[in-house]
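Report on one structure; see the data block that follows.
Note that these values count all heavy atoms, side chains included, but never hydrogens, waters or copies made by symmetry. Quantities reported herein were computed from a predicted structural model and do not represent experimental measurements. Residue numbers begin at 1 in each chain, while the letters A, B, ... track the order of the sequences.
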Number of protein chains: 2
Amino acid sequence: MLSKKTKYGLKALAFLASQPDKKPVQISEIAEKENISQKFLESILLSLRKTGFLGSKKGKGGGYYLLKTPEEISMTDVMRVLEGPIAMVPCVSLNFYETCDDCPDENTCSVHKLMLQVRDSALEVYRSNTLKDIIS
Amino acid sequence: MLSKKTKYGLKALAFLASQPDKKPVQISEIAEKENISQKFLESILLSLRKTGFLGSKKGKGGGYYLLKTPEEISMTDVMRVLEGPIAMVPCVSLNFYETCDDCPDENTCSVHKLMLQVRDSALEVYRSNTLKDIIS
DNA sequence: TGAAAACTCTATTAAATTAGTAGGGTAATA
DNA sequence: TATTACCCTACTAATTTAATAGAGTTTTCA
């Protein structure tokens, strides 16, 4: 299941990408238009800023804005930051790899074999979509 | 993240599919060989029996066995029973569809658009894999 | 026929994660 | 210089997951 954090983060990014100009948008505006708890959104935008997706401007007329153009923002990167691993099990994760305690051999593990394919297919979707692609 | 339930369920099915003959296998044997808590496995096998994947035989010499051949068991069905929806959000789920409270229009929703593709790609993987395909 | 083997079922619980809340602090701009 | 708006920490409620415990029932084989 997709976490609300990811869902809201994606919606916020899409909202910013849909702005006619590059002026900063206030948290309160995004929260209201996208039906998101303002405080929760605050923490999400903060993490998107710390990971280089967003810039922010303080003071009157401040807010958040995209640091890159929508077509430069890959869903792979966004998903990894918001949702974490793309793989459904750590033993097939590229960026968050861990061995399974219970599994004696990955190469003969059925779960491993199936989840490897699922990961690859998800990655292909994320790689072929930028923020631009998912805004209408 | 894949739940332990699904992981253990898949491993148990694979274990049964790898048996040389069709004799019932005891819960305790599967639990031990696959490093699974026996009681937890019990409830998983029970649900696989209730959903038509497994048969069981009671009494001495009893146990669980596959009701179909491994190549007749599609990962799509297994995943739906063990893990639930394949979609990451209810609004793109085929079998567990729900509208989002917060979203005014699915057709213009970025999350919807992206997750639809993810669902389709995952479905394709599950559809093209039977239990036979994932056992070594 | 009876005892052991093995499945069946209900209820409870501990741990982890998620989603959200509260409130104060800090920096920048008009 | 006052206001606006971001920044940060800590806490909490709800949910889900992964077990655990224990009693009960059915079947089979000797």
Side-chain angles (χ1 to χ4, degrees), chain A residues 1-12 16 23-32 34-51 53-67 81-85 88-90 96 98 100-102 111, chain B residues 1-12 16 23-32 34-51 53-67 81-85 88-90 96 98 100-102 111:
Chain A
M1 190 65 93
L2 197 73
S3 70
K4 299 269 183 183
K5 180 184 175 187
T6 303
K7 184 180 179 185
Y8 294 161
L10 278 172
K11 285 199 169 196
L16 290 174
K23 278 195 309 191
V25 181
Q26 299 165 31
I27 292 178
S28 59
E29 183 183 347
I30 306 176
E32 191 185 346
E34 297 291 341
N35 297 304
I36 305 171
S37 146
Q38 179 162 340
K39 277 292 190 180
F40 191 26
L41 181 59
E42 235 178 79
S43 71
I44 297 166
L45 295 182
L46 199 59
S47 84
L48 286 172
R49 189 188 64 81
K50 286 183 177 172
T51 47
F53 292 96
L54 300 180
S56 68
K57 189 163 178 268
K58 292 184 181 178
K60 192 167 189 175
Y64 280 99
Y65 53 90
L66 291 180
L67 283 178
V81 162
L82 291 173
E83 189 75 4
M88 293 181 82
V89 282
F96 301 83
E98 274 178 53
C100 300
D101 332 334
D102 55 313
V111 177
Chain B
M1 191 63 94
L2 197 75
S3 71
K4 300 269 184 184
K5 181 184 175 187
T6 304
K7 184 181 177 184
Y8 295 161
L10 278 173
K11 286 198 169 196
L16 290 174
K23 280 195 309 191
V25 182
Q26 300 164 31
I27 293 178
S28 58
E29 183 182 347
I30 306 177
E32 191 186 346
E34 297 292 340
N35 296 305
I36 305 170
S37 145
Q38 178 161 339
K39 276 295 191 179
F40 191 26
L41 181 59
E42 234 178 81
S43 70
I44 297 167
L45 295 182
L46 199 59
S47 84
L48 286 172
R49 189 188 66 83
K50 286 184 175 168
T51 48
F53 292 96
L54 299 180
S56 68
K57 189 163 179 267
K58 292 184 182 179
K60 193 166 188 176
Y64 282 99
Y65 53 91
L66 290 179
L67 282 177
V81 162
L82 291 173
E83 188 75 3
M88 292 181 81
V89 283
F96 301 82
E98 275 178 51
C100 300
D101 333 334
D102 55 312
V111 177

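Annotation: side chain of S43(A) is not in contact with side chain of K5(A) (no heavy-atom distance under 4.5 Å). Taking 4.5 Å as the limit, every side-chain heavy atom of Y64(A) sits out of range of all side-chain heavy atoms of K57(A). Looking only at side-chain heavy atoms (C-beta outward), L45(B) and I30(B) come within less than 4.5 Å of each other.
For dT13(C), the OP1/OP2 oxygens have no side-chain nitrogen or oxygen of K39(B) closer than 4.0 Å. In this model, the phosphate group of dA18(D) is not approached by any side-chain N or O of Y8(B) to a distance below 4.0 Å at OP1 or OP2. For S43(A), no side-chain nitrogen or oxygen approaches OP1 or OP2 of dC8(D) to under 4.0 Å. Within the 4.0 Å cut-off from OP1 or OP2 of dA6(C), not a single side-chain nitrogen or oxygen of Y64(B) is found. Between dA19(C) and S37(A), no contact under 4.0 Å exists linking OP1 or OP2 to a side-chain N or O.
For a distance-only test at 3.5 Å, the side chain of K5(A) fails to qualify as a donor-acceptor partner of the base of dG20(C). The base of dC7(D) lies close enough to the side chain of E42(A) for a donor and an acceptor atom to sit less than 3.5 Å apart.
With hydrogens and angles ignored, the 3.5 Å screen pairs no side-chain donor or acceptor of T6(A) with any backbone N or O of L2(A).
Toward the 5′ end of DNA chain D lies the nearest nucleotide of G59(A), the other residue of the pair K50(A) and G59(A) mapping further downstream. Judged by closest nucleotide on DNA chain C, T6(A) is the one of K57(A) and T6(A) placed further toward the 5' end.
In this structure, the CG atom of L46(B) is 17 Å from the P atom of dA19(D), given to the nearest Å. To the nearest angstrom, C1' of dA18(D) lies 18 Å from CD of E34(B). Regarding L54(A), its CG atom lies at a distance of 12 Å from the P atom of dC6(D), rounded to whole Å. Residue F40(A) contributes atom CZ, which lies 10 Å from atom P of dT18(C) at whole-angstrom precision. When rounded to the nearest whole Å, the span between NZ of K7(A) and C1' of dG20(C) equals 15 Å. Atom CD1 of I36(B) and atom P of dT17(D) are 18 Å apart (whole Å). Summarising the geometry, the separation between CG on L2(B) and P on dT17(C) is reported as 16 Å, rounded to the nearest angstrom. Regarding K58(B), its NZ atom lies at a distance of 10 Å from the C1' atom of dG24(D), rounded to whole Å.
Annotation for E29(A): atom CD counts as buried by contact number, over 12 foreign heavy atoms lying within 6.0 Å.
Of the candidate nucleotides dT26(D), dA6(C), dA5(D), dA6(C) has the atom nearest to the side chain of Q26(B). The side chain of K60(B) sits closest to dC29(D) out of dC7(C), dC29(D), dG23(C). Comparing dC7(C), dC8(D), dG20(C) against the side chain of R49(A) picks out dC8(D) as the nearest. Candidate nucleotides dA19(D), dC7(D), dA19(C) were compared by shortest atom distance to the side chain of K4(B), and dA19(D) ranks first.
Donor-acceptor pairing under 3.5 Å is lacking for the side chains of Q38(B) and S28(B).
Here L45(A) lies out of heavy-atom contact (under 4.0 Å) with every strand.
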